[in-house]
Amino acid sequence: MPRGRWRRELVRGELRVMEPTGIEHGRIALIAGGVLLAHVRKTGSGVVLGAETGFVLASDPDTVRAPDAAFISQERFDRIGSTTKYWPEAPDFAIEVLSPGDRPGEVRKKLREWLAAGTIAVVVLDPAEQTATVHRNRREAWVHGSEDTLDLSDAVPDFHPTVAELFG
């Protein structure tokens, strides 16, 4: 993919240019990623990656997506090794933060791609509603409010953040 100022994703061989996100999106993405990073550093369970990290979700035609934050288990990271290019597989866990301009149908497509490629869980944070929706497969989505604690230990060992923590 060509380099430039705009964020891009490759979806079924088609290059999609994405606008830079707004302040609230960036703030929440960093806070949620920071909560994940602090936990993973404490447990030594893997590697946390920030926004703009590309993951190859499909080939021929290629799909390369970039979540707002992601986790790869240490076992998988050790097996594949570090790379200067896109990670060749889906992450174990991904965080997506909704922006005001996101179209629901496009968000659902992206979620299906993450899960079909092997991501165990995806958390979608909705700043407008202050909710976290946990997706583990196409049919399961649980919406949680700010008072709730998430059990994401199937994707990130012993990870149980509160929704309020993820929004800061």
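For the single chain, residues carry numbers from 1 onward in sequence order.
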Checklist entry - How many angstroms lie between OG in S45 and CZ in F77, if you round to the nearest 0.5 Å? => result 13.0 Å

Checklist outcome for this item: Contacts satisfying ring-ring contact (aromatic ring centres under 6.0 Å, His included) that involve residues 143-168 (not counting sequence neighbours) are H39-F159

Checklist entry - When hydrophobic residues are tied together by side-chain contacts of less than 4.5 Å, even through go-betweens, does L115 share a cluster with V134? => result no

Checklist entry - Which value, rounded to the nearest 0.5 Å, describes the distance between H135 atom NE2 and R108 atom CZ? => result 10.0 Å

Next on the checklist: Between V156 and V40, does the side-chain contact (heavy atoms from CB on, under 4.5 Å) criterion hold? Intermediate values first, please.
Outcome noted: CA-CA 8 Å; V156 182; V40 170; 4.1 Å; yes

Checklist entry - Backbone N or O of T162 within a donor-acceptor pair of the E165 side chain at under 3.5 Å? => result yes

Checklist entry - Checking side-chain contact (heavy atoms from CB on, under 4.5 Å) for the pair F55/I72: CA distance, chi angles, key distance, verdict? => result CA-CA 11 Å; F55 292 88; I72 300 169; 3.9 Å; yes

Next on the checklist: So, using salt bridge (Lys or Arg N to Asp or Glu O under 4.0 Å) as the criterion, who are the partners of D154 when residues are at least two apart?
Outcome noted: R136

Next on the checklist: Let's go through F93 and L152 carefully: what are the C-alpha distance in whole Å and the side-chain angles of both, what is the deciding distance for side-chain contact (heavy atoms from CB on, under 4.5 Å) to 0.1 Å, and is it a yes or a no?
Outcome noted: CA-CA 9 Å; F93 173 66; L152 299 166; 3.8 Å; yes

Next on the checklist: Could you work out, with side-chain contact (heavy atoms from CB on, under 4.5 Å) as the rule, every residue matching A117, not counting sequence neighbours?
Outcome noted: L57, A90

Checklist entry - With sequence neighbours left out, which residue pairs that include part of residues 74-94 fulfil the salt bridge (Lys or Arg N to Asp or Glu O under 4.0 Å) condition? => result R76-E89, R76-D92, R79-E89

Checklist entry - Which pair of non-hydrogen atoms, one from P127 and one from V97, has the smallest distance, and what is that distance? => result CG-CG1, 3.9 Å

Item to check | Co-membership, hydrophobic cluster, residues F71 and I95, 4.5 Å side-chain | outcome: yes

Next on the checklist: Using salt bridge (charged side-chain N to carboxylate O under 4.0 Å, His left out), reason through R27 and E24 one step at a time and then give a plain yes or no.
Outcome noted: CA-CA 5 Å; R27 185 185 75 79; E24 188 66 359; 2.9 Å; yes

Next on the checklist: Using the side-chain contact (heavy atoms from CB on, under 4.5 Å) criterion, which residues pair with A58? Sequence neighbours excluded.
Outcome noted: T63

Item to check | OG on S99 to CG on D126, rounded to 0.5 Å | outcome: 10.5 Å

Item to check | E106/K109 salt bridge by N-O under 4.0 Å criterion | outcome: yes

Next on the checklist: Do W87 and V47 sit in one hydrophobic cluster, given that two such residues count as connected whenever their side-chain heavy atoms are within less than 4.5 Å of each other, even indirectly?
Outcome noted: yes

Checklist entry - Just by distance, do the side chain of T119 and the backbone of W114 share a donor-acceptor pair under 3.5 Å? => result yes

Next on the checklist: So, applying side-chain contact (heavy atoms from CB on, under 4.5 Å) with T131, which one of V124, D148, V143, V163 is it?
Outcome noted: V143

Checklist entry - Counting only heavy atoms not in E147, do more than 12 sit closer than 6.0 Å to its CD atom? => result no

Next on the checklist: Would the distance check show the side chain of D68 and the main-chain N or O of A51 forming a donor-acceptor pair, the cut-off being under 3.5 Å?
Outcome noted: no

Checklist outcome for this item: In short, G33 meets V48 closest at the heavy-atom pair O-CG1, 4.2 Å

Next on the checklist: Evaluate E113 against R65 for side-chain contact (heavy atoms from CB on, under 4.5 Å), listing each step before the verdict.
Outcome noted: CA-CA 9 Å; E113 289 171 352; R65 292 282 198 177; 2.7 Å; yes

Item to check | Reported CD1-to-CG distance for the pair I31 and L125, which is rounded to 0.5 angstrom | outcome: 10.5 Å

Checklist entry - So, for I80 and P88, which heavy atoms are closest and what is the spacing to 0.1 Å? => result CG2-CG, 3.8 Å

Checklist entry - Is there a path of hydrophobic side-chain contacts, each under 4.5 Å between heavy atoms of I, L, V, M, F, W or Y residues, that connects L36 with I120? => result no

Checklist entry - Who are the side-chain contact (heavy atoms from CB on, under 4.5 Å) partners of R41, not counting sequence neighbours? => result L37

Next on the checklist: When you group the ILVMFWY residues by side-chain heavy-atom contacts below 4.5 Å and let the links chain together, are V123 and L111 in the same group?
Outcome noted: no

